[in-house]
There are 2 protein chains.
Amino acid sequence: MIKDVARLAGVSHQTVSRVLNDHPSVRDETRERVLVAVKQLNYRPNALARGLAGRRSRVIGVVSFDTILHGPAATLLGIERAARRAGYGISIVALERLDRSGVIEAVNRLAEQSVAGVVIIAPLLTAAAAAGSLPTGVPAVVVESDLAGDLPTISVDQVAGARLAVEHLLELGHETVWHLSGPKDWLEARDRIDGWRATLEAAGRRVPPVLAGDWSPKSGYEAGRQLAERGEVTAVFCANDQQALGMLRAFSERGVRVPEDVSVVGFDDIPEAAYLSPPLTTVRQDFDEVGRRCLAALLELLGVDRPPGVARHPRVPPSLVVRASSGPPRAA
Amino acid sequence: MIKDVARLAGVSHQTVSRVLNDHPSVRDETRERVLVAVKQLNYRPNALARGLAGRRSRVIGVVSFDTILHGPAATLLGIERAARRAGYGISIVALERLDRSGVIEAVNRLAEQSVAGVVIIAPLLTAAAAAGSLPTGVPAVVVESDLAGDLPTISVDQVAGARLAVEHLLELGHETVWHLSGPKDWLEARDRIDGWRATLEAAGRRVPPVLAGDWSPKSGYEAGRQLAERGEVTAVFCANDQQALGMLRAFSERGVRVPEDVSVVGFDDIPEAAYLSPPLTTVRQDFDEVGRRCLAALLELLGVDRPPGVARHPRVPPSLVVRASSGPPRAA
DNA sequence: GCCCCGATTGTTATCGGTCACATTCATGGG
DNA sequence: CCCATGAATGTGACCGATAACAATCGGGGC
């Protein structure tokens with residue numbers, strides 16, 4: 001194929017290759033002629049052959065988990081966008097279970113395809129650990145994990161996010177804030193617990209026991225029913241919006257008014273959050289930015305220049321979105 | 001690399017290749033020896049080289065759109081799962097806009113990578129049309145579209161889904177059913193409108209004007225406010241769950257009780273649906289099955305045997321999930 | 001005017017496999 | 001006992017690009 005172009009342009013195939021790869025020493029007039037031929041034949045170089053010969057493909061592998069959840073899906077999209085802009089394609093492997101061998105196997109599958117590098121979305125502790133000890137020499141970046149050994153890591157600053165939520169509630173006048181956590185083997189869940197606890201302690205408040213959820217609306221619903229029984233609770237910080245949604249449902253069933261009786265704050269800012277009853281105060285994560293920084297980190301690892309304008313810091317700051325589900329306590 | 005294996009096993013590289021590809025004429029004893037060498041060297045064939053030489057890669061391209069929405073995300077996951085099981089990898093290209101040139105460009109990007117075939121998730125009319133007139137000779141299957149020219153098409157039977165929803169409401173005793181549609185340039189939206197209208201007409205009921213939404217909770221909220229003004233409405237079929245969610249919010253704000261005053265039915269059965277206030281009656285789509293059938297259709301196109309146990313029919317039947325948001329009208 | 005050097009361009013090997021065809025060897029029919 | 005036949009295996013070309021090195025050409029320094 002490249003030979004057809006070469007023939008049409010009256011040059012050698014190597015010169016065509018040079019033009020395609022922006023090699024400096026090609027005369028302008030020659031380059032022009034080649035480009036005309038390329039356009040005329042509607043030529044597109046074969047990525048496989050390129051990868052084989054050049055030993056670097058323009059494809060990045062992504063190991064993802066549960067892309068039906070909002071966070072992972074949004075992160076994946078962010079990565080894809082950033083990659084496309086940088087001229088890379090994306091190959092994905094979704095994991096069914098997020099354990100050690102699964103992650104390693106997935107990376108191997110991608111390595112087989114000679115991807116230039118991989119991004120591992122590994123929100124579980126076990127996965128992060130696996131990522132930290134990859135056998136292969138594939139350049140890798142890890143998302144939402146900070147115990148991935150030497151690998152560069154990008155994540156939203158969950159601790160700061162939790163602090164935003166808790167401080168907001170304390171400023172409204174609540175005595176303390178309860179927490180419905182995510183599953184404890186998720187790093188994000190653990191960080192949000194830490195942030196919540198640290199903020200309460202820093203303010204000298206009582207730290208109630210952690211309620212354990214599993215991200216699902218169902219677990220929020222069940223926790224909500226329990227909280228509705230106790231009278232004392234005035235503010236709850238849920239580890240994600242779906243749990244908050246389930247909790248709102250439980251409160252509404254029990255006649256607990258939000259925010260008059262109890263304030264609820266979520267995490268994620270899913271598209272639905274603004275339209276719940278009542279609209280949900282929550283912490284927004286910028287997944288697009290996460291994707292961008294992942295790619296930047298990976299490109300750096302590959303020895304390519306980082307795209308301009310992308311901050312380097314591995315911790316993306318979240319922001320608080322105040323809506324009607326949080327307000328001052330009745331007593332205050 | 002394959003030569004290392006060959007040397008270790010004491011055979012030619014070609015024999016190794018035969019073993020790897022299940023060629024029949026290899027003596028069992030030889031095959032065994034090769035497999036041992038493969039394991040010992042932890043050899044994995046290079047997918048690029050394979051694709052280049054064999055002119056067929058084990059990668060399937062997926063052109064997707066807005067994978068943050070539940071439907072596309074779930075479909076993508078279903079395809080990935082089915083592909084992995086069949087020994088294929090997945091490359092994705094997400095579209096920013098779903099227009100003609102975007103789809104064509106995306107398919108070209110995938111073709112460059114010599115994918116074995118592509119699955120196009122093209123819920124918009126324009127995209128479907130583009131898919132129908134692809135320039136390249138890449139085997140393709142289209143999801144959620146029936147005007148993709150000669151290309152095989154897999155989709156959930158939206159008309160049947162709408163019928164389930166409307167018949168359910170009519171059986172409860174409602175005189176007629178209003179409809180909040182999705183954006184009209186989405187095929188799914190159009191089909192749901194058609195199914196809704198046809199069911200009403202078949203039952204000899206009055207067909208109210210269509211309310212136009214855009215899938216977002218916001219548009220559901222706004223439509224809900226309008227409907228709350230009119231007294232006559234007793235049942236609404238929303239084209240998706242997010243719109244239904246927004247509508248529930250509007251009703252709750254206006255003091256319209258669900259289902260006592262108005263019944264609401266959604267479409268999709270997102271994970272949140274069961275925990276809205278009230279829990280949402282909705283139509284469930286089996287996206288996993290869609291993914292499976294997509295892959296089956298594509299493999300068939302590629303001349304590979306269809307995996308056993310996968311139904312061939314291009315229209316996946318949806319099912320009704322009845323919850324508390326629908327009930328008999330007050331008058332009945 | 002001659003030679004050396006850098007800018008251009010061409011030639012050939014190579015990436016890691018598969019494909020097409022050649023070769024070897026054991027078996028069975030005439 | 002010889003040859004056709006088919007199973008099992010080996011040999012070299014080839015997929016479509018890039019890499020390494022060779023060749024060619026024009027210009028400046030002596």
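In what follows, every heavy atom counts, from backbone to side chain, and hydrogens, waters and symmetry copies are set aside. Lettering of chains follows the sequences in order, A, B, ..., and the numbering in each one begins at 1. It should be emphasised that the depicted structure is a prediction, and the values quoted were computed from it without experimental measurement.
Dashed line: the shortest gap from a side-chain N or O of B/S25 to OP1 or OP2 of D/dG6 is not under 4.0 Å. Listed pair A/T30 / C/dT9 meets the phosphate criterion, a side-chain N or O lying under 4.0 Å from OP1 or OP2. Between A/N21 and D/dT18, a side-chain N or O to OP1/OP2 separation shorter than 4.0 Å is present.
The nearest whole Å value for the distance from the CZ atom in B/R33 to the C1' atom in D/dA8 is 12 Å. Distance, B/E29 CD to D/dA8 C1': 12 Å, rounded to whole Å. The distance from atom CG of A/D22 to atom C1' of D/dT18 is 15 Å, rounded to the nearest whole Å. Atom P of nucleotide D/dG26 and atom CZ of A/R27 are separated by 10 Å, given to the nearest angstrom. For the pair A/Y43 OH and D/dA17 C1', the computed distance is 7 Å after rounding to whole Å. With rounding to whole Å, B/L20 atom CG is found 12 Å from C/dC19 atom P. Atom pair A/M1:CE and D/dT18:C1' shows a separation of 18 Å (rounding to whole Å applied). In this structure, the CG atom of B/L48 is 10 Å from the C1' atom of C/dG17, given to the nearest Å.
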Expected rows: protein N/O vs nucleotides 13-15 of chain D N/O, under 3.5 Å:
residue	atom	partner	partner atom	Å
D/dC15	O2	B/A53	N	3.4

A/E144 and A/R190: CA distance, side-chain angles, deciding distance, salt bridge (Lys or Arg N to Asp or Glu O under 4.0 Å) verdict: CA-CA 11 Å; A/E144 297 305 342; A/R190 222 191 44 179; over 6 Å; no
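The side chain of A/N46 approaches D/dA17 more closely than any other nucleotide in the set D/dG10, C/dG10, D/dA17.
Using a distance-only test at 3.5 Å, with no hydrogens or angles considered, a donor-acceptor pair links the side chain of A/R33 to the main chain of A/A9. In terms of modelled atom types and a separation under 3.5 Å, the side chain of A/N21 and the main chain of A/H23 share no donor-acceptor contact. Side-chain N or O atoms of A/R84 include one that pairs as donor or acceptor with a backbone N or O of B/A94 at under 3.5 Å.
Comparing A/S17 and B/R18 along DNA chain D, the residue whose closest nucleotide (by nearest heavy atom) sits nearer the 5' end is B/R18.
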